[in-house]
There are 2 protein chains.
Amino acid sequence: VTLDRAGDGPARNLETRVWLGVLAVHGEIFNRLNRAFMREFDITLAKFDVLAQLDRFPGGLTQGNLSRYLKVTGGNVTGLVRRLVADGLITREMSAADRRAFVVRLTAKGAEKFKAARELHDALLREWFGGSSQDDLEVALQSLMRLGQRVQAGRREGSA
Amino acid sequence: VTLDRAGDGPARNLETRVWLGVLAVHGEIFNRLNRAFMREFDITLAKFDVLAQLDRFPGGLTQGNLSRYLKVTGGNVTGLVRRLVADGLITREMSAADRRAFVVRLTAKGAEKFKAARELHDALLREWFGGSSQDDLEVALQSLMRLGQRVQAGRREGSA
């Protein structure tokens, strides 16, 4: 993953260069977090993301809603859920409200593993972004939030 | 994909919120581009990324170097290459210089498909980010470049 195309100057339009910048930062951090999680906790970043979403819903989530909330792209939800059940980190049960739906929940072991992994996650990000000033990070955050809102507004206007 | 966690306020540290912002924008654009490419060109974004890297090297790339240059995470390079060969978009041949290495190259059909897909890619990004001012986009780009440089500097200092 390199930043060269994002810094390419006027060869591509500005919108494309912003996207290449997102891809470069995403790829670098994604790969590092994934390696650290595999090494320390034997879980992928995609599995961590499932645990993170379930941690927000102690009552459990249907597989459909889980799928909507996931932030990490590329994981196959059905496969991830099956492997996390096999790991003993989540349960998957038929919904009492809708017998066609399945509800997934963290186990105690899953909640514990998530807590430890999240501590490492936040500590590593602090370290990797640590050379940036708080002002730079605030600017980056505001900028990303604005981009995200623009893109989502575009979708609401039906231009996707 | 939602921005809610990034906007969560002080519940998580600023570095983590920046990363959640990257994930939210990445996930939204990734999914949209992927869907558009599947619909219009019958290729995934991961395949497009392979074509994009090969387009920069008319003499071809070894599979090892290709793997290093890819920006889109999650694709399995060996599998992507095999499927693109089957699609007739690239070739894969033993390297003349090193018989243990394979060199991959765009075919004429692959180069043509890449050119058309890149036009759509840039047009869609212009549309989706189009509500942002040029100033906002410049700030976003500079901010992402700085983040990427920080993270890579951290690695050179051995803190990964």
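Just so you know, these numbers come straight off a predicted model, no measurement behind them. Naming convention: chains lettered A, B, ... in sequence-line order (proteins, then strands); numbering from 1 in each chain. Below, all heavy atoms of this structure are taken into account, side chains as well, without hydrogens, waters or symmetry copies.
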* Asked: Between Phe48(B) and Phe37(B), how do the two ring planes meet: parallel, tilted or perpendicular, split at 30° and 60°?
  -> tilted
Applying a strict 4.5 Å limit to non-hydrogen atoms, the region of Ile29(A) in contact with chain B is both
Bottom line for Arg126(B): the part with an atom under 4.5 Å from chain A's heavy atoms is both
Exercise. Does the separation of the ring centres of Tyr69(B) and Phe57(B) fall below 6.0 angstrom?
Worked result: yes
Single-linkage hydrophobic cluster Val139(B)~Leu141(A), side-chain heavy atoms < 4.5 angstrom:
no
Ranking His121(B), His26(B), Arg146(B) by heavy-atom pairs under 4.5 Å to chain A gives rank one to His26(B)
Given Asp49(A), Leu137(A), Asp122(A), the one with more heavy-atom pairs under 4.5 angstrom with chain B than any other is Asp122(A)
Residues passing the side chain to side chain donor-acceptor pair (under 3.5 Å) test with Glu138(A), sequence neighbours excluded, are none
